[in-house]
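Here's the structure, in structure tokens; my notes come after.
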Amino acid sequence: MEPIAIQKDDQIIDLQTAQAKNIDIESAKKIYPENTPEALEVIRHSTAHLMAQAIKELYPDAKFFVGPVVDEGFYYDFRVGEKIGEEDLKKIEKKMAEIAKRKLPIERYEISKAEAIEKFKDDDLKQEVLKSIPSDTVSIYKQGDFEDLCRGPHVPNTKYLKNFKLTRVAGAYLGGDETREMLTRIYGVAFADKQALKEYLTMLEEAKKRDHRKLGNELELFMFSEEVGAGLPIWLPKGARLRSKLEQLLFAAHRKRGYEPVRGPEILKSELWKKSGHYQNYKENMYFTEICDDESRKESCVEYGIKPMNCVGHIMIYKSKKRSYRELPLKLFEYGVVHRHEKSGVLHGLFRVREFTQDDAHIFCKPDQIKDIVIEVLGFVDEIMRSFDFSYEMEISTKPDKAIGSDEIWEIATNALKEALDENGHKYGIDEGGGAFYGPKIDIKITDAIGRKWQCGTIQVDFNLPERFELEFTDSDNEAKRPVMIHRAILGSFERFIGILTEHYAGEFPFFIAPTQVIFVPIGQDHVAYTKELAGKLTEMGVDSEIYDSKDSLNKRIRNAEKQKVPMVAIIGDKEVEARSLAIRDRREKIQYNLNEEEFFTKIKEKLSEVRF
RNA sequence: GCCAACGUAGCUCAGCCGGCUAGAGCACCUGAUUCGUAAUCAGGAGGUCACGGGUUCGAGUCCCGUCGUUGGCUCCA
């Protein structure tokens with residue numbers, strides 16, 4: 001096998017560059033066309049160029065912007081006169097395969113930036129790319145009569161580019177800037193061999209099967225309605241059962257940790273949103289309504305904002321009486337229903353909606369308590385994530401452009417978060433400028449079944465709102481002092497979290513939250529009475545069960561029960577009624593066994609106690 | 001919001017290049033069957049083809065607008 005590139009000091013250098021710069025290939029670490037991260041980077045980058053070449057041959061007027069490698073594949077942004085749809089991908093793929101077969105050598109040469117500006121003077125997109133390059137010389141890669149401005153690295157010949165697939169067409173703003181023109185973007189994947197490509201495509205198919213929108217429909221968990229409006233989920237009985245179990249477990253977990261349940265109103269006067277800063281900073285995402293005492297008098301009208309966050313209500317609760325340092329930290333929590341006017345294009349099943357319920361809490365504390373509180377919350381998060389077998393990572397977000405509060409205040413808050421993470425030995429990333437407008441935050445990102453990352457939990461330090469609302473407590477020295485506020489959510493929202501849970505478990509929820517935990521299938525009518533007796537006992541234990549006693553055949557009913565992906569199906573016939581026992585099909589353990597009544601209820605209790613947050 | 005695609009029965013989907021009364025499977029209803037571990041048989045009912053407008057002798061099919069959905073971009077729990 002011939003190498004396609006070499007690696008030196010963690011840098012991938014292609015053979016063309018190595019030759020030009022007289023780097024000794026023999027003594028270097030070689031990269032072969034295999035499915036290693038380094039080789040895939042080279043292959044994918046070159047496949048992006050191959051795609052650009054194919055597009056250029058099919059659409060001669062096409063102009064190209066950038067074509068980088070991303071997770072799993074690559075994309076290229078370009079502009080053409082005509083519309084490109086999914087249909088056209090096949091055509092482009094075919095052309096790519098044809099070009100690859102020409103076995104074109106991929107050559108590299110360097111020119112000065114000034115020469116490049118002259119060379120591409122008729123190409124405004126290339127000028128755009130050149131603007132962002134700081135160095136004086138640029139490299140050009142050439143294959144056949146196609147050439148492109150590129151840093152590399154690339155494979156030496158198009159013959160290495162055989163195992164690719166174009167996956168989707170999309171629009172993308174030039175440079176990611178919403179105010180600029182929208183280019184066409186085509187995404188593709190590429191691998192070193194056929195097998196890896198096939199495995200990847202199979203994985204995508206598998207992922208589709210566990211899509212929470214599909215499963216939500218099949219398992220009757222939730223629905224959306226065009227008549228109701230986009231992004232407004234409707235919870236069906238089974239989804240509501242699941243959600244309610246989650247709510248109850250989490251409620252107890254909060255009480256155990258000293259949180260006080262509270263409840264704020266859904267709409268608050270706009271004046272208050274002006275005081276909090278939401279009116280100035282978050283208005284485009286808020287819904288408003290006007291309430292008039294007397295329709296004929298405009299001055300009797302008051303504008304109200306539907307809450308997009310719960311903090312203001314909790315602040316009012318804090319302010320309801322004079323607070324002592326002895327009360328701090330004061331932890332208020334609420335399953336807060338919030339409304340946010342998200343742009344129509346971003347809505348996505350339960351993952352992104354316009355009305356959702358946060359497991360929200362605000363902790364009012366003294367500045368010197370921040371670190372301990374954050375450490376405690378991190379522990380809470382970890383227990384919940386482990387209960388659901390989730391992996392997650394954390395990221396600190398710092399001051400954004402649009403923010404209230406001084407740099408100094410931001411620095412104090414940001415450092416407190418970092419210290420808490422450091423002290424607990426947590427690894428974390430940093431998202432510069434990614435904070436909320438009122439303070440820095442730690443985001444907890446769950447990795448879902450398909451490897452996508454979702455922001456769920458969040459811990460945000462806030463020095464600003466206490467300032468704006470003039471919050472105080474009387475300290476031990478009898479001085480009035482300002483508390484710090486910590487916003488935090490662990491699931492983030494029930495909607496998103498349940499969407500992620502559904503995909504994570506592919507609809508096979510663990511017993512303690514499954515919408516239906518047991519389905520009874522009586523073989524004949526004579527066995528129904530006994531199943532009703534058992535189901536009644538389960539209801540008393542807080543366990544949801546259903547009895548499949550329709551006129552359908554036994555096989556049909558067992559099939560339907562299994563399709564519901566419930567943890568346990570219990571078949572009841574003459575033998576079971578007589579012995580007061582159950583024949584269990586355990587979907588989670590994938591076995592069948594018989595239990596007597598006592599053993600059954602013991603098993604149920606065991607399964608229920610598998611989780612405690 | 002922007003780019004692209006899509007919207008036919010409760011669900012999954014056929015319906016050609018515009019041409020007779022818009023089809024299937026599942027689900028639902030009725031009848032027969034009463035069954036030991038993943039689909040019993042027969043019959044029936046269900047659609048203003050998302051909504052509104054236009055082109056045409058004629059529109060599910062072509063065009064425009066609106067709503068919604070999907071994949072991205074920007075944004076975000």
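Lettering of chains follows the sequences in order, A, B, ..., and the numbering in each one begins at 1. Hydrogens, waters and symmetry mates are skipped; everything else that's a heavy atom, side chains included, is used.
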Mind calculating the distance between [atom1] ([X]) and [atom2] ([N]) to the nearest angstrom?
X: A:Q460; N: B:A77; atom1: CD; atom2: C1'; value: 10 Å
X: A:L347; N: B:G68; atom1: CG; atom2: P; value: 9 Å
X: A:M309; N: B:C76; atom1: CE; atom2: C1'; value: 10 Å
X: A:Q455; N: B:C75; atom1: CD; atom2: P; value: 14 Å
X: A:D177; N: B:U74; atom1: CG; atom2: P; value: 10 Å
X: A:K283; N: B:C76; atom1: NZ; atom2: P; value: 19 Å
X: A:K307; N: B:A77; atom1: NZ; atom2: P; value: 16 Å
X: A:H212; N: B:U70; atom1: NE2; atom2: P; value: 9 Å

Taking the side chain of [X] as its heavy atoms from C-beta onward, which of [options] lies nearest to it?
X: A:I571; options: B:U37, B:G36, B:A77; value: B:U37
X: A:M182; options: B:C2, B:G36, B:U74; value: B:C2
X: A:Y173; options: B:A77, B:G1, B:G71; value: B:G1

Would you kindly compare A:R587 and A:C456 by the position of their nearest RNA chain B nucleotide and give the one closer to the 5′ end?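 Checking each residue's closest nucleotide, the 5'-ward one belongs to A:R587.
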Decide if the gap between the ring center of A:Y259 and the ring center of A:F251 is smaller than 6.0 angstrom.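 No, ring centres 6.0 Å or more apart.
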Is the distance between the ring centroids of A:F351 and A:H212 under 6.0 Å?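 Ring centroids of A:H212 and A:F351 are less than 6.0 Å from each other.
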Please tabulate, one pair per line, each protein N/O and nucleotide N/O from nucleotides 8-12 of chain B that are separated by under 3.5 Å, including the distance.
| unit_1 | atom_1 | unit_2 | atom_2 | d |
| --- | --- | --- | --- | --- |
| B:C11 | O3' | A:N217 | ND2 | 3.3 |

Quick one: the side chain of [X] and the base of [N], do they pair up donor-acceptor inside 3.5 Å?
X: A:R557; N: B:C35; result: no
X: A:E227; N: B:G68; result: no
X: A:R585; N: B:A38; result: yes

Is it the case that A:K283 places NZ or CZ above or below the six-membered ring of A:F288, under 6.0 angstrom from the centre and within 45 degrees of the axis?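 Because its charged atom sits under 6.0 Å from the ring centre and within 45° of the axis, A:K283 does stack over A:F288.
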Kindly indicate whether a cation-pi arrangement holds for A:R557 with A:Y548, taking the cut-offs as under 6.0 Å to the six-membered ring centre and within 45° of the axis.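 The answer is no; the distance or angle limit is not met.
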Contiguous pairing runs of three or more, Watson-Crick or G-U under 3.5 Å, that involve RNA chain B: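 RNA chain B stems, ordered by first number: B:1-7 with B:67-73, B:10-13 with B:23-26, B:28-32 with B:40-44, B:50-54 with B:62-66.
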To check you understand the geometry: which heavy-atom pair defines the closest contact between A:L125 and A:F64, and what is its length?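 Nearest heavy atoms, A:L125 then A:F64: CB-O, 3.5 Å.
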Might you list the N or O atoms of the protein lying below 3.5 Å from N or O atoms in nucleotides 43-51 of chain B, with each pair's distance?
none

Go through the structure and list residues passing side chain to side chain donor-acceptor pair (under 3.5 Å) with A:R180, not counting sequence neighbours.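 By the side chain to side chain donor-acceptor pair (under 3.5 Å) rule, A:R180 matches A:E128.
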Is it true that the side chains of A:T516 and A:E546 contain a donor and an acceptor less than 3.5 Å apart?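 The answer is yes; a qualifying pair exists.
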So which protein N/O to nucleotides 40-42 of chain B N/O distances come out below 3.5 Å?
| unit_1 | atom_1 | unit_2 | atom_2 | d |
| --- | --- | --- | --- | --- |
| B:U40 | OP1 | A:S553 | OG | 3.4 |
| B:U40 | OP2 | A:S553 | OG | 2.7 |

Does the structure show A:Y187 stacking with B:G72, if we require the centres to be closer than 5.5 Å and the planes to be within less than 30 degrees of parallel?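 No; centroid distance or tilt outside limits.
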Close approaches to RNA chain B from residues 561-570 of chain A, in residue order (heavy atom, under 4.0 Å):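 Residues of residues 561-570 of chain A that come under 4.0 Å of RNA chain B are, in numerical order, A:E562.
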Identified ring pair (Phe, Tyr, Trp, His ring centres under 6.0 Å) partner of A:F497 from the options A:Y335, A:F356, A:F390: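 With A:F497 as partner, A:Y335, A:F356, A:F390 yield a single ring pair (Phe, Tyr, Trp, His ring centres under 6.0 Å), made by A:F390.
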Could you walk me through whether A:F380 and A:H254 pass ring-ring contact (aromatic ring centres under 6.0 Å, His included), step by step? CA-CA 9 Å; A:F380 195 175; A:H254 277 88; 5.1 Å; yes
N or O in side chain of A:H348 less than 4.0 angstrom from B:G71 OP1/OP2: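 Answer is yes, contact under 4.0 Å.
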Quick check: are there more than 12 heavy atoms from other residues, nucleotides or ligands sitting under 6.0 Å from NZ of A:K91?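 Result for NZ/A:K91: enclosed.
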